Amino acid sequence: MPIRAAQASDLPQIVEIYNASIPGRMATADAEPVTVAAREPWFREFDPLTRPLWISVAPTGEIQGWLSLRSFYGRPAYRKTVEVGVYTAPAAQHRGIASALLAHALSSAPASGICTVLAFVFAHNVPSLRLFENAGFVRWGHLPGVAELDGIERDLDILGRRLA
Ligand SMILES: CC(C)(COP(=O)(O)OP(=O)(O)OC[C@H]1O[C@@H](n2cnc3c(N)ncnc32)[C@H](O)[C@@H]1OP(=O)(O)O)[C@@H](O)C(=O)NCCC(=O)NCCS
């Protein structure tokens, strides 16, 4: 499946996929859908060479999933470390889209000067934990009860992988 860097015109579909994950209460701390306009500053922070936003595109041209690498902590000392986020459209899940995006991102990250990739994943998000563990990520941290979703306290795992 073709993977390419996202363009501004892809943002509505990217937001749609993100919003589709909110009701599941597994992926994001957002509780309400976000708007395309609200995500425009977020989108502008990406740079294909250093902080890419990758998308997987179906033969029909539809975006099936996306993966972001964002700066961690925003301080110069952490410039070689990124935080990954990955979302697959509900209709395209469980078909290897996220795995392919992650493999692509990890293989191209060293050329962007990235040495460490972190993933912040709710401990009850089994698909996401499997995705990252399959790609060689290891649990580096566990933050008990730091989130509350629908009145239920949730734990957050920090997964990490060092790149060669
Ligand atoms: C997590 C997510 C990105 C996985 O995307 P995907 O394209 O379906 O993933 P893949 O098809 O590449 O599968 C990756 C692993 O997850 C497992 N998986 C996928 N969907 C699953 C499900 N519904 N239940 C259990 N495991 C599941 C797959 O089996 C695979 O593991 P395996 O090879 O050991 O079987 C997708 O479920 C999603 O978008 N979820 C909502 C957003 C989210 O949680 N993002 C992660 C936060 S950063």
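It should be emphasised that the depicted structure is a prediction, and the values quoted were computed from it without experimental measurement. As the structure lists them, so they are numbered: ligands from 1, and atoms in each ligand from 1.
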- Number the atoms of ligand 1 from 1 as they appear, then name those within less than 4.0 Å of a heavy atom of Asn134, with their elements. 31 (O), 32 (P), 33 (O), 34 (O)

- Item | Shortest non-hydrogen contact between Gly136 and Arg161, atoms and distance | O-CG, 3.7 Å

- Query: Taking only heavy atoms of Ile97, which atoms of ligand 1 are found under 4.0 Å from at least one of them?
  - Reply: 7 (O), 12 (O)

- Using a strict 4.0 Å threshold on nitrogen-to-oxygen distance, state whether Arg70 and Glu45 make a salt bridge. yes

- Task: Examine ligand 1 and decide if any of its atoms is less than 4.0 Å from a heavy atom belonging to Ala119.
- Result: no

- Message: At less than 4.0 angstrom from any non-hydrogen atom of Gly96, what atoms of ligand 1 do you find?
- Response: 10 (P), 11 (O), 12 (O)

- Please check if the side chain of Thr116 supplies one atom and the backbone of Arg162 the other of a donor-acceptor pair under 3.5 Å. no

- Message: Just by distance, no angles: are the side chains of Ser71 and Arg79 close enough, under 3.5 Å, to form a donor-acceptor pair?
- Response: no

- Query: Got Trp42 and Ile14 here, is their nearest side-chain heavy-atom distance under 4.5 Å?
  - Reply: yes

- Show which atoms of ligand 1 fall inside a sub-4.0 Å distance from at least one heavy-atom site of Ser99. 10 (P), 12 (O), 13 (O), 14 (C)

- Item | Heavy-atom nearest option to atom 4 (C) of ligand 1, drawn from Ala103, Ala98, Ser56 | Ala98

- Item | ligand 1 atoms in contact with Tyr87 (distance to a heavy atom under 4.0 Å) | 39 (O), 42 (C)

- Note on the structure: Within 4.0 Å of some non-hydrogen atom of Val86, the atoms of ligand 1 are 3 (C), 42 (C), 43 (C), 45 (N), 46 (C), 48 (S)

- Message: Under 4.0 Å, heavy-atom basis, I'd like to know which part of Asn125 is in contact with ligand 1: side chain, backbone, both or neither.
- Response: side chain

- Item | Contact (N/O only, under 3.5 Å) between Pro127 and ligand 1 | yes

- Item | Connected via hydrophobic side-chain network under 4.5 Å: Leu53 and Val34 | yes

- Please confirm whether Thr88 comes within less than 3.5 Å of ligand 1 when only nitrogen or oxygen atoms on both sides are compared. yes

- Task: Of all the heavy-atom pairs spanning Leu67 and Ala105, show the shortest one and how long it is.
- Result: CD2-CB, 3.5 Å

- Query: Going by distance only, is there an N or O of His94 that falls short of 3.5 Å from an N or O of ligand 1?
  - Reply: yes

